Amino acid sequence: MRNELLKIHEEPFPRHADEDVLAARLEAVGREPLSEPAREALRQALRAQYPPPRDPRERPAIRDAAQRLLNLLQELVARAPALVPGRLSPHVLLYAQEPTLAQERPDDASDELFIYMPGGSTAQWRGLSLRWQRVASTWQLQADGQLAQLRPDAPDTERSVLLTTSRAI
């Protein structure tokens, strides 16, 4: 990703792959035995097939955005926890794929609990002890002594599980 951002920073508007083809076609129109209005109509029709040229005044803003994104990514990578086999860092996002949605721990006041299962193996929520593990292509979830098999590849209508617990949730 770093290399792609550097490319965008260097050349915000890369050359269109068919730019030479368009130039050759426009040049060929000049040799056609047509009236000037017909030639201009043909040139406009050819140009309409390709994206219009970008305004060069946009380049500084694009370069600035690419540089800010590169700096942000470098900062995130520098702060990322080192992965140690068999141990999760306390800063690993257990409950969200997106950092902006992450919670340090489940919210007991919430009526819903969303867990990003590859991010951990246990959670405490509203007095319940939840444990999960991957078993082949499914997930095995244990809550309050009950065991449920979760199938991520199942159709939406078959991906919900209702568990009855001894605690009033």
Side-chain angles (χ1 to χ4, degrees), residues 1-32 34 36-126 130 132-134 137 139 141 150-156 159-160:
M1 167 139 342
R2 181 179 187 276
N3 290 339
E4 293 304 315
L5 284 171
L6 289 173
K7 284 181 193 176
I8 290 170
H9 187 269
E10 289 299 314
E11 184 56 47
F13 306 131
R15 197 161 192 266
H16 190 276
D18 293 332
E19 197 171 314
D20 292 333
V21 173
L22 175 61
R25 287 180 177 168
L26 290 173
E27 186 179 316
V29 168
R31 294 188 300 267
E32 291 294 322
L34 300 170
E36 194 51 41
R39 275 194 192 118
E40 189 53 37
L42 185 54
R43 285 185 186 114
Q44 287 178 2
L46 287 170
R47 285 187 186 110
Q49 295 176 9
Y50 296 90
R54 302 286 302 259
D55 185 345
R57 294 176 293 184
E58 295 177 21
R59 289 175 189 219
I62 292 172
R63 285 186 171 124
D64 183 52
Q67 186 62 50
R68 284 190 320 230
L69 182 57
L70 182 61
N71 292 343
L72 175 65
L73 289 174
Q74 288 174 337
E75 181 183 321
L76 288 174
V77 167
R79 288 189 302 160
L83 295 178
V84 178
R87 202 177 104 216
L88 288 174
S89 164
H91 301 292
V92 171
L93 303 176
L94 297 178
Y95 305 107
Q97 285 182 300
E98 297 295 325
T100 58
L101 303 175
Q103 295 177 313
E104 287 185 27
R105 61 187 59 85
D107 181 5
D108 284 340
S110 175
D111 290 336
E112 296 177 321
L113 174 65
F114 296 93
I115 297 174
Y116 177 57
M117 292 184 144
S121 61
T122 63
Q124 293 288 323
W125 182 64
R126 293 188 164 193
L130 305 169
W132 60 89
Q133 66 181 2
R134 183 173 274 298
S137 64
W139 286 92
L141 172 69
L150 307 175
R151 296 182 15 223
D153 58 340
D156 290 346
R159 285 198 315 213
S160 63

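This is a predicted model, so every value here is computed, not measured.
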| Test salt bridge (charged side-chain N to carboxylate O under 4.0 Å, His left out) applied to R39 and E36, step by step | CA-CA 5 Å; R39 275 194 192 118; E36 194 51 41; 3.5 Å; yes

| P60 versus R57, closest heavy-atom pair with distance | CD-O, 3.4 Å

| query | Side chain of R63, backbone of P12: donor and acceptor closer than 3.5 Å? | reply | no

| task | For E27, enumerate each residue passing the side chain to side chain donor-acceptor pair (under 3.5 Å) test, keeping only those at least two apart in sequence or located in another chain. | result | R31

| With sequence neighbours left out, which residue pairs that include part of residues 51-73 fulfil the ring-ring contact (aromatic ring centres under 6.0 Å, His included) condition? | none

| Non-neighbouring partners of D18 that pass side chain to side chain donor-acceptor pair (under 3.5 Å), sequence neighbours left out | none

| said: Are the side chains of R43 and R47 in contact, using a 4.5 Å heavy-atom criterion? | reply: yes

| Do N71 and E75 get their side chains close enough for a donor-acceptor pair, meaning under 3.5 Å? | no

| request: Look up atom CZ in R25 and atom CG in D20, then write down how far apart they are to the nearest 0.5 Å. | output: 12.0 Å

| said: For Y50 versus V21, what's the shortest heavy-atom pair and its separation? | reply: OH-CG1, 3.8 Å

| Exercise: identify the closest heavy-atom pair between P152 and S137 | CD-O, 3.6 Å

| remark: d(Q44 CD, L42 CG) to nearest 0.5 Å is 10.0 Å

| query | NE2 of H9 to CD1 of I62: how many Å apart, nearest 0.5 Å? | reply | 11.5 Å

